[in-house]
Amino acid sequence: MSDAARTRIAVLGAGSWGTALASLLATNGAQVRLWARDAEQAQAIDRDHQNARYLPGIALPETLRAGSDLAWAVEDADQVWLVLPTKILGEFLAEHAATLPRSAIYVTASKGFEPGTGRRIDELVAGALGDVSFAVVSGPTFAIEVAHGRPAALAVGSRDRAVAETVADALRNDHIRCYPSSDVVGIELAGGLKNVLAIAAGVSDGFGFGANTRAALITRGLAEIMRLGEAMGARMETFTGLAGLGDLVLTCTDDHSRNRQFGLRLAKGESVEAAVAGIGQAVEGISAAREGHRLAQAHGQEMPITEAVYRVLYEGLPAREAVAELLSRDPRPED
């Protein structure tokens with residue numbers, strides 16, 4: 001029996017990304033249990049080998065099991081993958097800390113920060129579970145393409161290189177490449193803040209400003225994330241890699257991106273509430289804009305694009321005025 005086949009993995013969160021990852025891990029030979037809060041959804045996935053709500057028409061491996069009993073899902077798990085919305089993750093970990101095994105490697109594939117505190121996911125896990133092994137998976141990937149088996153590349157970050165390699169090995173196959181990293185802070189910052197920039201790119205495209213403006217937003221947005229990352233001890237090369245530039249370009253330019261779609265809707269005049277309802281899934285960039293604003297202030301960094309998105313979402317600044325203010329800023333030397 002291969003190492004992959006002996007690996008027991010619990011994937012917590014049966015949305016599109018959690019389901020796609022569970023399918024990939026099971027296809028690679030791991031024994032995977034997918035946990036869903038909704039018992040009817042879990043039963044349907046387990047019975048029909050399909051997540052009709054989030055990945056309709058995608059056949060899931062018959063070896064993939066699904067259920068709504070958390071204790072069953074994490075029983076004897078070697079790895080516990082956290083693929084829940086970041087806004088509820090801290091509360092979830094605190095509520096279920098007694099059920100979650102300390103011997104497992106905890107892997108986050110969610111992006112963003114805890115609302116109200118700005119804590120990263122590694123900080124949430126450590127706060128609830130103590131000194132457990134931890135890894136973060138990030139990169140330019142859409143769930144639907146991973147579910148279809150299309151080629152992709154991911155960064156796997158852990159302060160313990162052996163942990164990063166173990167998680168990467170569970171993901172790798174003939175169409176998924178994984179690159180280990182030790183920069184957990186950089187990967188999490190990049191993954192959270194790129195969603196804010198995707199909202200800005202959606203607004204820009206919604207106003208018809210074109211490819212030139214979008215490219216400028218991506219470039220200057222990356223620069224402001226890098227400034228914050230440097231202030232927080234991240235490595236600069238992380239931001240020019242898969243978890244940084246790669247994910248940023250994908251999220252800002254492709255219409256599979258919920259955050260980009262949200263920005264497009266704002267440009268059409270929809271309210272925040274109506275835009276979120278129209279998308280029908282979590283838009284992580286909304287809370288990330290507030291926490292990015294908080295982090296920028298705490299670390300004394302100017303982040304004008306993040307600040308503009310924050311003001312549109314939380315201070316009622318009209319999107320067109322936000323764009324005008326960005327364009328009227330005094331230029332500074334790029335170097």
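By convention here, the first residue in the shown sequence is residue 1.
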* Is F262 close to I279 at the side-chain level, that is, under 4.5 Å between some pair of heavy atoms? -> yes

* Structure fact -> Rounded to the nearest 0.5 angstrom, the CZ-CD distance for R265 and E270 is 4.5 Å

* To do: Determine, step by step, whether R120 and E123 satisfy the salt bridge (Lys or Arg N to Asp or Glu O under 4.0 Å) criterion, reporting the C-alpha distance in whole Å, the side-chain angles of both residues, the deciding distance to 0.1 Å, and the verdict.
  => CA-CA 5 Å; R120 303 182 309 273; E123 295 173 316; 3.5 Å; yes

* To do: Decide side-chain contact (heavy atoms from CB on, under 4.5 Å) for Y106 and L100; before the verdict, give the C-alpha distance in whole Å, the side-chain angles of both, and the deciding distance to 0.1 Å.
  => CA-CA 10 Å; Y106 282 81; L100 297 170; 3.2 Å; yes

* Asked: Under 3.5 Å, side chain of S158 to main-chain N/O of R161, donor-acceptor pair present?
  -> no

* Asked: Taking side chain as C-beta onward, heavy atoms only, is I218 less than 4.5 Å from T253?
  -> yes

* **T19 side chain to G15 backbone, donor-acceptor under 3.5 Å** => yes

* Assess whether side-chain contact (heavy atoms from CB on, under 4.5 Å) is satisfied between F113 and R119, documenting all intermediate values. => CA-CA 5 Å; F113 311 93; R119 288 195 297 172; over 6 Å; no

* To do: List the steps and the verdict of salt bridge (Lys or Arg N to Asp or Glu O under 4.0 Å) for R311 and E321.
  => CA-CA 10 Å; R311 293 183 62 198; E321 289 186 26; over 6 Å; no

* Asked: What distance separates R260 CZ from C252 SG, expressed to the nearest 0.5 Å?
  -> 8.5 Å

* Pair E114-T117, side-chain donor/acceptor within less than 3.5 Å -> yes

* Answer yes or no on whether R214 is positioned over the face of F209, meaning its NZ or CZ is under 6.0 Å from the six-membered ring centre and within 45° of the axis. => no

* **F239 side chain near L193 side chain, heavy-atom distance below 4.5 Å** => no

* Structure fact -> Residues at least two apart in sequence or cross-chain that pass side chain to side chain donor-acceptor pair (under 3.5 Å) with E224, listed by chain then number, are T306

* **Heavy-atom side-chain proximity of Q50 to I45 below 4.5 angstrom** => no

* Common cluster, L317/L264, ILVMFWY with side-chain heavy-atom separation under 4.5 Å -> no

* Minimal non-hydrogen separation, L326 against P304, with atom names -> CD2-O, 3.6 Å

* Structure fact -> What one should report as the nearest heavy-atom pair of W81 and Q79 is NE1-OE1, 3.0 Å

* To do: Examine distances only and state if a side-chain atom of Y314 and a backbone atom of V309 form a donor-acceptor pair shorter than 3.5 Å.
  => no

* **Steps toward salt bridge (Lys or Arg N to Asp or Glu O under 4.0 Å) verdict (R159, D122)** => CA-CA 11 Å; R159 296 179 180 92; D122 64 306; 3.2 Å; yes

* Asked: Does some side-chain heavy atom of K268 sit less than 4.5 Å from a side-chain heavy atom of F207?
  -> no

* Asked: Do T251 and K194 have side-chain atoms, one donor and one acceptor, less than 3.5 Å apart?
  -> yes

* Interatomic distance, M236 atom CE to R227 atom CZ [nearest 0.5 angstrom] -> 11.0 Å

* To do: Indicate the atoms forming the closest heavy-atom contact of V11 with G18, along with that distance.
  => CG1-O, 3.5 Å

* When rounded to the nearest 0.5 angstrom, what distance separates OG1 in T108 from CG in L12? -> 10.5 Å

* Please tell me if the side chains of I199 and N195 come closer than 4.5 Å, counting only heavy atoms from C-beta onward. => no

* To do: Mark yes when over 12 heavy atoms from residues, nucleotides or ligands other than R150 sit less than 6.0 Å from its CZ; otherwise mark no.
  => yes

* Is the side chain of W17 donor-acceptor paired with the backbone N or O of A109 at a distance under 3.5 Å, no angle test? -> yes

* Asked: Mind checking whether S257 and L250 have side chains closer than 4.5 Å, heavy atoms only?
  -> no

* Under 4.5 Å between side-chain heavy atoms, hopping through other hydrophobics if needed: is there a path connecting V107 to L82? -> no

* What pair of heavy atoms forms the shortest contact from L171 to N28, and how long is it? -> O-ND2, 3.0 Å

* To do: Could you check if a side-chain atom of R177 sits within less than 4.5 angstrom of a side-chain atom of R172, using non-hydrogen atoms only?
  => no

* So L89 and L93, side-chain contact (heavy atoms from CB on, under 4.5 Å) or not? Walk me through it. -> CA-CA 6 Å; L89 186 55; L93 291 170; 4.0 Å; yes

* **Closest contact, heavy atoms only, N51 versus A14** => ND2-O, 2.8 Å

Check: residues 124-142 side-chain donor-acceptor pairs under 3.5 Å, at least two apart:
from, atom 1, to, atom 2, distance (Å)
T141, OG1, G139, O, 3.3

* Asked: Any idea which heavy atoms bring L64 and A26 closest together, and the distance?
  -> CB-CB, 4.2 Å

* R33 side chain vs G67 backbone, donor-acceptor pair below 3.5 Å -> no

* To do: State whether the number of non-hydrogen atoms from other residues, nucleotides or ligands found under 6.0 Å of E230 atom CD is greater than 12.
  => no

* Asked: More than 12 non-hydrogen atoms from neighbouring residues, nucleotides or ligands closer than 6.0 Å to CD on E315, yes or no?
  -> yes

* **Connected via hydrophobic side-chain network under 4.5 Å: L242 and L197** => no

* Verdict with reasoning, E284 to K111, per side-chain contact (heavy atoms from CB on, under 4.5 Å) -> CA-CA 7 Å; E284 297 283 13; K111 296 169 183 175; 5.6 Å; no

* To do: Please confirm whether the backbone N or O of I121 pairs with a side-chain atom of E188, one donor and one acceptor, at under 3.5 Å?
  => yes

* **Co-membership, hydrophobic cluster, residues V249 and V146, 4.5 Å side-chain** => no

* What about L84 and V80, same hydrophobic cluster or not, with Ile/Leu/Val/Met/Phe/Trp/Tyr joined at side-chain heavy-atom distances under 4.5 Å? -> yes

* According to the side chain to side chain donor-acceptor pair (under 3.5 Å) rule, which pairs have a member within residues 53-75, sequence neighbours left out? -> D38-R53, D46-R65

* **No-hydrogen, no-angle side-chain donor-acceptor test under 3.5 Å, T7 and D78** => no

* Asked: Got a second to check how far I225's CD1 is from M303's CE, nearest 0.5 Å?
  -> 6.0 Å

* To do: Verify salt bridge (Lys or Arg N to Asp or Glu O under 4.0 Å) between R235 and E237, making sure each step is shown before the conclusion.
  => CA-CA 6 Å; R235 294 207 309 267; E237 57 265 32; 3.0 Å; yes

* Asked: Side chain of E291, backbone of P115: donor and acceptor closer than 3.5 Å?
  -> no

* **Atom pair CG/CG of L60 and L55 - distance to nearest 0.5 Å** => 7.0 Å

